[in-house]
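Worksheet: one structure, shown below.
All values below come from the heavy atoms of this structure, side chains included, with hydrogens, waters and symmetry mates left out.
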Amino acid sequence: MEIIRTVNRLREATEEAKKKGLTVGLVPTMGALHAGHISLIERARQENDVVVVSVFVNPTQFNNPDDLRTYPRTEEADCEKLEGAGVDIAFIPSVEEVYPEPDTRVFDLGPVGEVMEGAMRPGHFNGVAQVVSRLFRMVNPDRAYFGEKDFQQISVIRRMVELEGMELEIVPCPIKREADGLALSSRNVRLSARQREVAPNIHRILAESVGLAPAISVADVKARVIDSINAYPEMEVEYYEIVNPADMQPIGEWSQAGKEAVGCVTVYLGDVRLIDNIKYPL
């Protein structure tokens, strides 16, 4: 595995691969790697000749400075995991390398970027679009891999790709979970022992709610999920929306969602913000 820290060397390496007719898969990460990231890498490994993983905590997508400051950074452990997963190139740049000058671009992400995370974290998705568009230009991948835990983010990235006229395949990959159902997240390391015990109830409550649809109304399912999670004194729901995955817009009736709806939740467990989602087959 080659560890690359400059954009020039990254471009050289990927252009070299492309000239040989090799396909390139990119897995963008913010590090603090876990089995969820490794599953994306495994998928990329199966489908491409060359696998590039970026490890970069992107400052422009954090609207909360404390969240940026406390985001786990574990470069040495990350490199060991990447090596073990058969990654060809680990791109680990400095902020100055990615942003030699401030990125002032504002993307017209439309409705997919305005709800849920877009509403709660102003500027977050614009920052995601900034960094991902830069990575795509640097690597020129055939495919890029993203976990469905960040369900809305995948729609935002597809919209950015359309706006920028880029040609690559965005590959969504299923959520990886602990044995007790908790969605894998780099933020999980910040949970106390008690919080870690309570956290799997988020997925349990979501999974149980699937059996209610479409027999009871969208509003009632939402209310039951929110009340059940908030019944734990350690947890507080920031939002729970049931959306049409085609445009990420909240639905009022099950009939508005076609073959399936997706329930997206954000929960504060102490000061740790956890996200998860579930699919409602209709």
Side-chain angles (χ1 to χ4, degrees), residues 23-48 51-55 78 81-82 84-87 112 116-117 125 128 132 135-136 141-161 168-189 191 196 199-213 221 225 229 240-248 251 257-267 273-282:
T23 55
V24 176
L26 170 66
V27 181
T29 82
M30 294 208 299
L33 302 179
H34 50 65
H37 297 111
I38 303 305
S39 71
L40 303 182
I41 293 165
E42 285 167 352
R43 176 84 179 267
R45 184 73 283 165
Q46 287 164 12
E47 297 178 356
N48 303 278
V51 175
V52 179
V53 177
S54 60
V55 177
D78 289 346
K81 286 175 182 160
L82 295 176
V87 168
V112 298
M116 297 186 295
E117 292 296 280
F125 281 137
V128 168
V132 173
L135 289 170
F136 286 176
D142 297 277
R143 300 175 192 88
Y145 297 80
F146 296 89
E148 287 189 331
K149 181 172 73 69
D150 298 291
F151 193 79
Q152 185 180 5
Q153 177 177 274
I154 294 171
S155 291
V156 165
I157 288 164
R158 285 196 164 123
R159 169 69 178 153
M160 179 275 293
V161 164
L168 76 156
E169 185 187 351
I170 302 299
V171 183
C173 300
I175 299 173
K176 286 290 276 187
R177 299 185 182 277
E178 300 281 9
D180 58 13
L182 178 63
L184 292 179
S185 167
S186 301
R187 289 186 169 88
N188 291 353
V189 298
L191 297 172
R196 177 62 189 82
N201 289 296
I202 299 169
H203 175 61
R204 179 185 62 76
I205 290 163
L206 289 179
E208 286 172 1
S209 76
V210 172
L212 303 172
V221 171
V225 166
I229 294 174
Y240 182 56
E241 289 291 0
I242 298 177
V243 303
N244 181 339
D247 60 7
M248 288 294 132
I251 61 171
K259 287 182 181 173
E260 72 177 11
V262 179
C264 299
V265 75
T266 293
V267 179
R273 188 175 187 270
L274 300 177
I275 66 172
D276 204 344
N277 60 73
I278 198 92
K279 293 176 181 172
Y280 292 91
L282 300 172

Between the main-chain N or O of Ala32 and the side-chain N or O of Asp78, is there a donor-acceptor pair closer than 3.5 Å?
-> yes
Just jot down the ring-ring contact (aromatic ring centres under 6.0 Å, His included) partners of Tyr280, sequence neighbours excluded, or say none.
-> Trp254
Report the distance from atom CD of Glu208 to atom CG of Leu206, rounding to the nearest 0.5 Å.
-> 10.0 Å
Does Cys173 reach the side chain of Val171, with side-chain heavy atoms less than 4.5 Å apart?
-> yes
Do Glu42 and Ile38 have side-chain heavy atoms sitting under 4.5 Å apart?
-> yes
Could you go through the side-chain hydrogen bond (donor to acceptor under 3.5 Å, both in side chains) check for Arg196 and Asn188 one step at a time?
-> CA-CA 8 Å; Arg196 177 62 189 82; Asn188 291 353; over 6 Å; no
Verify side-chain contact (heavy atoms from CB on, under 4.5 Å) between Ile278 and His203, making sure each step is shown before the conclusion.
-> CA-CA 8 Å; Ile278 198 92; His203 175 61; 3.9 Å; yes
Correct closest heavy-atom pair for Ala199 and Leu191 would be CB-CD1, 4.2 Å
Would you say the side chain of Thr266 lies within less than 4.5 Å of the side chain of Leu274, judging by non-hydrogen atoms?
-> no
Do the side chains of Asp276 and Phe151 get nearer than 4.5 Å, heavy atoms only?
-> no
Flag side-chain contact, heavy atom, 4.5 Å: Glu241 against Val262 = no
Distance from Tyr145 atom OH to Thr29 atom OG1, nearest 0.5 Å?
-> 15.5 Å
Side chain to side chain, Val243 and Ile251, heavy atoms closer than 4.5 Å = no
Does Arg143 use its side chain to pair, donor to acceptor, with the backbone of Ala44 at less than 3.5 Å?
-> no
Begin from the C-alpha positions of Ile275 and Arg273 and carry the test side-chain contact (heavy atoms from CB on, under 4.5 Å) through to its verdict.
-> CA-CA 7 Å; Ile275 66 172; Arg273 188 175 187 270; 4.3 Å; yes
Which of these, Leu40, Val132, Leu26, sits in a side-chain contact (heavy atoms from CB on, under 4.5 Å) with Phe146?
-> Val132
Would you give the length of the straight line joining atom NZ of Lys149 to atom CG of Leu184, rounded to the nearest 0.5 angstrom?
-> 9.0 Å
What heavy-atom pair brings Ala261 and Pro245 nearest, and what distance separates the two atoms?
-> CA-CD, 4.2 Å
Which is it for Gln152 and Phe125 under the side-chain contact (heavy atoms from CB on, under 4.5 Å) test, yes or no, and what are the steps along the way?
-> CA-CA 10 Å; Gln152 185 180 5; Phe125 281 137; 3.4 Å; yes
Please answer whether the main-chain N or O of Glu148 pairs with a side-chain N or O of Asn277 as donor and acceptor at a distance below 3.5 Å.
-> yes
Between Ile41 and Ala85, the two heavy atoms sitting closest are CG2-CB, 3.8 Å
Once you round to the nearest 0.5 Å, how far does CE of Met30 lie from OG of Ser186?
-> 7.5 Å
Between Leu282 and Lys259, is any pair of side-chain heavy atoms under 4.5 Å apart?
-> no
Starting from the C-alpha separation in whole Å, work towards a yes-or-no answer on side-chain contact (heavy atoms from CB on, under 4.5 Å) for Val265 and Ile202.
-> CA-CA 9 Å; Val265 75; Ile202 299 169; 3.9 Å; yes
Salt bridge or not for Arg158 and Glu169, using N-O below 4.0 Å?
-> no
If you look at every heavy atom in Ala144 and Leu168, which pair is closest and at what distance?
-> CB-CD1, 3.9 Å
From Gln153 CD over to Met248 CE, what is the distance, rounded to the nearest 0.5 angstrom?
-> 11.0 Å
Distance-only, no hydrogens or angles: does the Lys81 side chain make a donor-acceptor pair with backbone N or O of Leu33 under 3.5 Å?
-> yes
Minimum heavy-atom distance Met116-Cys264, with the two atoms named | SD-CB, 3.6 Å
If you look only at pairs with a residue in residues 25-41, which of them pass as a salt bridge (Lys or Arg N to Asp or Glu O under 4.0 Å), with sequence neighbours excluded?
-> none
Validation row: His37, Val27 side chains within 4.5 angstrom (heavy atoms) = no
Could you pull out the closest heavy-atom pair between Ser209 and Val221, with the gap in Å?
-> CB-CG1, 4.1 Å
